[in-house]
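To start, the structure under review is shown below, and the notes come after it.
Nothing here was measured: the structure is a model prediction, and the numbers come from that model. Residue numbering restarts at 1 for every chain, and letters A, B, ... go by the order of the sequence lines.
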Amino acid sequence: MTVPVRFQLTDDQRALRDGVRGLLARRFDRETLRAAVDAPGRLDRALWRELGAAGFFALRVPEAEGGVGLGLSEAVLAFEEAGRVLLPGPLVATHLAAGVVPGAADGSVVVAAVDGGLVEWLDAADVVRGEAGGVVPLRSVDPLTPLHRVAGGAEGGGGRVAVLLTAAEQLGTATRVRELAVQHARTREQFGQPIGAFQAVKHLCAQLLVRAEVARAAVYAAAVTGAPVDIAAARLLADEAAVRGARDCLQVHGGMGFTWESEVHLHLKRAWVRAQRGGGRTESEELLAADLTA
Amino acid sequence: MTVPVRFQLTDDQRALRDGVRGLLARRFDRETLRAAVDAPGRLDRALWRELGAAGFFALRVPEAEGGVGLGLSEAVLAFEEAGRVLLPGPLVATHLAAGVVPGAADGSVVVAAVDGGLVEWLDAADVVRGEAGGVVPLRSVDPLTPLHRVAGGAEGGGGRVAVLLTAAEQLGTATRVRELAVQHARTREQFGQPIGAFQAVKHLCAQLLVRAEVARAAVYAAAVTGAPVDIAAARLLADEAAVRGARDCLQVHGGMGFTWESEVHLHLKRAWVRAQRGGGRTESEELLAADLTA
Amino acid sequence: MELSCSPEEEEFRGRLREWLARVLPSLPAKPSPDDWPARRAYDMGWQRMLYDAGYAEVHWDASPTLRLIFLEETEKAGAPYVGAGFVGLLHAGPTIAAEGSDEQRARWLPPILRGEEVWCQGFSEPDAGSDLAALRTRARRDGDEYVVTGSKIWTSHAEVADWCELLVRTDPAAAKHRGITWLAMPMDAPGITVRPLRTLAGSAEFAEVFLDEVRVPVGNRVGEENDGWRVTMVTLSFERGTAFVGEVVACRRVLRELAAEARKNGRWDEPELRRRLGRLNAEFRALWRLTQWNVSEAETTGGVPGVGGSVFKLRYSHARQELYDAAADVLGPDALDLDRPWVLDRLSSLSYTIAAGTSQIQQNIVAERILGLPKGR
Amino acid sequence: MELSCSPEEEEFRGRLREWLARVLPSLPAKPSPDDWPARRAYDMGWQRMLYDAGYAEVHWDASPTLRLIFLEETEKAGAPYVGAGFVGLLHAGPTIAAEGSDEQRARWLPPILRGEEVWCQGFSEPDAGSDLAALRTRARRDGDEYVVTGSKIWTSHAEVADWCELLVRTDPAAAKHRGITWLAMPMDAPGITVRPLRTLAGSAEFAEVFLDEVRVPVGNRVGEENDGWRVTMVTLSFERGTAFVGEVVACRRVLRELAAEARKNGRWDEPELRRRLGRLNAEFRALWRLTQWNVSEAETTGGVPGVGGSVFKLRYSHARQELYDAAADVLGPDALDLDRPWVLDRLSSLSYTIAAGTSQIQQNIVAERILGLPKGR
């Protein structure tokens, strides 16, 4: 009996993930992140084109149409990496526009979209998709995501794939804040020992891992099946892993996480922003409830 | 400026509480409790009359009508003590019947009542209050509380005072499980030290105290004001302190709490039974929500 | 990443499903939970049927994925649980297979697979608790025998077991994990007293086992003297990935039953309850995916457990308790009736964050062994 | 047990309420949060008004109940917070009152009460964190002066303070809590550098204070040399019972505002959100009752703090975070707008489980000091 490819990353998928990680480490390191925080609203168009050239936006566009011809699984891995480093910009909207809006695929055109009653990066975008009449700028809680509020009730928007890719970004944050918490717990000393030697800190870190890994299984599975109910589950678990994770990471960091210079609060704020996409939790929960009676 | 009596127990209230505690320690000690567990459904009528003679049921009946003439505060203290030792029997129903049903006040008559779709101690009762047509016996999860289910939808019942006295019993359980957990944590050794030296156990115990003391403030205040919204708050907090408290106490006890001989599960089961009284959480939460817009 | 199975595996699934549909209706009625000999007979009978049909060794020899399919399908079909065969098939047997001599394997393994001999486990002790290695049951060497004195607790099926996989202390002077030895003790040896242990659920699912100068032949030792801790760890990590497959499948079925009950009694109309069940659906779907992930990982690493096992245990034990709390809210006042479905399960779910390492211990393990955090002073 | 006040207290409340109604409309406009000198002037102006009206000493001399009434009524009336007067009135002042010499009291207390001098606090250090006693700022004696070098963090109002209550290490050889001394440092002394510290909320509410050979006269020492830890603990437990009175009153107002907002934007129709606000109502009502309980207890025990203080802090810091999470759910997408009410408060609520002893440390304190559990090895 042959051992088939399983519910694990293939070698190609690993290579793709490592490639994206490498690109982002080169082009969006910690200094670039801090610079972006200090110049809110400025989108790095050169980086955007570089992402386009690397296939980030055209990843799922068929090869016949000039795209990379890969699937949701690969897109999820790429977006997880983007979430991990807090890459700014309307990534999901531009990715979804590739193959539809000319120039989106290669990163020469920046595409924003209405989702959850909001538009991210409206002023920086060349094209805005969705009903964006009567937009009002907000003072965004996330220094890396300029926001406009769409007047009127429509808080829905963001299709199935947008929700999944957002969940992948949340997974990236969940993974990153676990790393940050563990790193801090290993090195910060209090009462004569690393704080990671205290059970209370240990257990916070353990739960950071548990939430991230459960979310990972859900997000990757949803990428494989593409089923709405799997995506709804992935979204709930990834939101929880990112938001709770960032808060627990902050708790582990104590006062040091409370400064503007810390990376932790940027993850929390971005996680809040992402959690507003895709029409709120309620819809996902109702979908999952309805599934039980199907 | 004189220092008035405050939101603290008066000397008389302390004396009353100590008196009830003493009576229960004499007449319902641990051996009596275990004997009662092994003979489910048998109500100790001698003890019932003794409670009656001590004024437990007639506590709030006016002196002019032969009662003790005290108020809700004193009743709450007495019921807290009853909850603490898991005293069996339809205590709330009989207390509420004193001065209304002849014989209830002095403990010669046992009174049960329909509440939350259930009747406790139906077979042992001389009088049943409320609409109890079509009752069906259950196999009760609490070995110390025989239960009948009332057919039909009516799951309400139990007035304001019944809800408050039930909260007082829950407070008794919350206090007792905190004592049991701390006692176990101090004496049980694992990995070469008392388990109470481990932060994880410490924090479980600390939260047991926090929940019980917050509930205490809410229950005592509700006894002073008698206001429905205060009683609703007391009920929610006392239910939480008792149920979560008993579960955390079980967790502290580990396998040793999982045996039939342990006292911990009796508290958890009784807390579950009491939480069904007074028409469910929803009603209390809605009352508290409505209060915000009043 | 894939979630589909190979054609060979689908063929296995189809064959198994067909077989289950054929044989399950012919099974005798389930025995009463308090009738231990009848339970033994029932469970062993089922094991014999599996053996005859060629499914007996699925826990041992098959690929993790086939094991997953086996556990999934038997649970879905409502087949009997492993029951009295649990320790033999999933703990003692694999230990003997991995660490025993040829002779020992030949003596003990076939009767386990054929459903002829029942094993129980003598690991836990009242004073050791979560600190398993603190066990005190003593064995002193007397010629060709060990003479064992002490007591064990939380032993299932002790009343009807033929053998007990026993951990004893053979070197009291050695550091705590070092002086331990693994023995196969015949349960009919003189000096053994079994006393049923009633749990908070009211049932006598477990027993205490008291040992008073019980003589065990040295030939019944698996592994070297004082090497029992290592031998045991082999057992404990053996089926990490698939230990809870059946239970997760069952929990997902319970969730659907809860939704049906809630629709019947009207509580489905409460959005808060409905959405809570929706969240639990997400939770158990994710746990199922995590199981598939762990099984696939075990397949590629040759069975070496990854981070998945401890992560799964921590989350699942909590989720199971949440599930039965939700069940209580669906039932309302009926949640106090032991004759209602889910009420006993709610009680036994309380043990999940305690048994086989409390959640507190599990979190230490995850933090220290997986995340590399330092031990406390 | 009673919750009503005495006639004298009701008279105090009535008089205060009347005064507040009269003077509040005449207050100048609130200064911008970033304009520190203007904030100082505003806060000190308010303190002077309180002084002139006879309310300045309410934090020090009045019964706990009168203090409770004062804090409740000023919050309800929307009066200014203590602001730049905080450390002087609630930390340094009480410490000097309790432990200072007659001369020191005469020098420092009247300007605090009259709103003339601002104090800041130099306790926390970057490397000490929750382990306050691990502070490293050194002071060596040189004749009639201490020469201080080191750095402090999380200091509010440092830019505009006249004095800093400073903890320094005077005996590096002594056990950690022993070698600490309490000094009043004039903020205009040479060698002090104040650098604003931006928090995650984006504001510079705090500062770092760097000390390079700063000379402080020995006469500015309160208490004995090396006895500063005990001196400080007097301060820290001083107003345990009433520290959060104003905030609890404010949280209860926020809850009502949230309900109003939810009715306006339609989310009140979602039972889950509505019931969640109902539960928070129960929570903050109970916290208010606990405050009253603690204050009454302080009155009968003469100010000795009971279990209430730590219990309150643990529960309240968590409840406050829950409140602002609920606020975010009421706001929906608007919760991402810093110009909306509650959004900045949500950010600052994140510090509540960290500042002044993390919840983890608080739970240790409750378990060890109140419940008597043993310290870990």
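Here the options are A/D18, A/L16, A/L24, the test is side-chain contact (heavy atoms from CB on, under 4.5 Å), and the partner is A/E81; only A/L24 passes. Screening A/R270, A/R235, A/R277 against A/E169 for a salt bridge (Lys or Arg N to Asp or Glu O under 4.0 Å) leaves a single residue, A/R277.
A salt bridge is absent between A/R60 and A/E74: the closest approach of a Lys/Arg side-chain nitrogen to an acidic carboxylate oxygen does not fall below 4.0 angstrom. Taking the charged nitrogens against the carboxylate oxygens, A/E263 and A/R30 do have a contact shorter than 4.0 Å, which makes a salt bridge. With respect to C/R276 and C/E322, no salt bridge is recorded, no charged nitrogen being found less than 4.0 Å from a carboxylate O. Ion pairing between a basic and an acidic side chain is recognised when a charged N comes within 4.0 Å of a carboxylate O; A/E80 and A/R17 show no such pairing. Using a cut-off of 4.0 Å between Lys/Arg side-chain N and Asp/Glu carboxylate O, C/K76 and C/E73 are scored as not salt-bridged.
Across A/A221, A/A218, A/G71, the residue that shares the most heavy-atom pairs under 4.5 angstrom with chain C is A/A221. Chain C forms more heavy-atom pairs under 4.5 Å with one residue of A/V201, A/L237, A/L204, A/D291 than with any other, namely A/D291. Interface check for chain A: of the options C/R285, C/Q292, C/Q360, C/R279, the most heavy-atom pairs under 4.5 Å are formed by C/R285. Contact count versus chain C (heavy atoms, under 4.5 Å) is highest, among A/L9, A/T225, A/L236, for A/L9. Taking chain A as the reference chain and counting heavy-atom pairs below 4.5 Å, the highest number among C/R289, C/Q362, C/R275 is found for C/R275. If you tally non-hydrogen atom pairs under 4.5 Å between each of A/E179, A/R281, A/R186, A/R178 and chain C, the highest count goes to A/R186.
Contact residues of residues 248-258 of chain C toward chain A are C/L255, C/R256 (heavy-atom distance under 4.5 Å).
Contact annotation for C/E368: only side-chain heavy atoms (C-beta onward) come within less than 4.5 Å of a heavy atom of chain A. Neither the backbone nor the side chain of C/S359 comes within contact range of chain A, judged by heavy atoms closer than 4.5 Å. For A/S284, no part sits under 4.5 Å from any heavy atom of chain C, backbone or side chain. Proximity to chain A is absent for every atom of C/W288, based on heavy atoms less than 4.5 angstrom apart. For C/L314, the part sitting under 4.5 Å from any heavy atom of chain A is the side chain, from C-beta outward, and nothing else. If you measure heavy-atom distances from C/R274 to chain A, the contacts under 4.5 Å come from both the backbone and the side chain.
For C/A62, the side-chain contact (heavy atoms from CB on, under 4.5 Å) criterion is met by C/V58, C/L66, not counting sequence neighbours. Scanning for side-chain contact (heavy atoms from CB on, under 4.5 Å) contacts around A/Q190 gives A/R188, A/I195, D/S130, D/D131, with sequence neighbours left out.
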Exercise for the section: Apply the test side chain to side chain donor-acceptor pair (under 3.5 Å) to residues A/Q8 and C/E297: give CA-CA distance (whole Å), side-chain angles for both, the deciding distance (0.1 Å), then the verdict. Expected result: CA-CA 7 Å; A/Q8 290 281 304; C/E297 188 178 38; 5.1 Å; no

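The minimum heavy-atom distance linking C/K375 with A/K202 is given by the pair CA-NZ, 3.7 Å.
Screening residues 207-242 of chain A for ring-ring contact (aromatic ring centres under 6.0 Å, His included), with sequence neighbours left out, gives A/Y220-C/W293.
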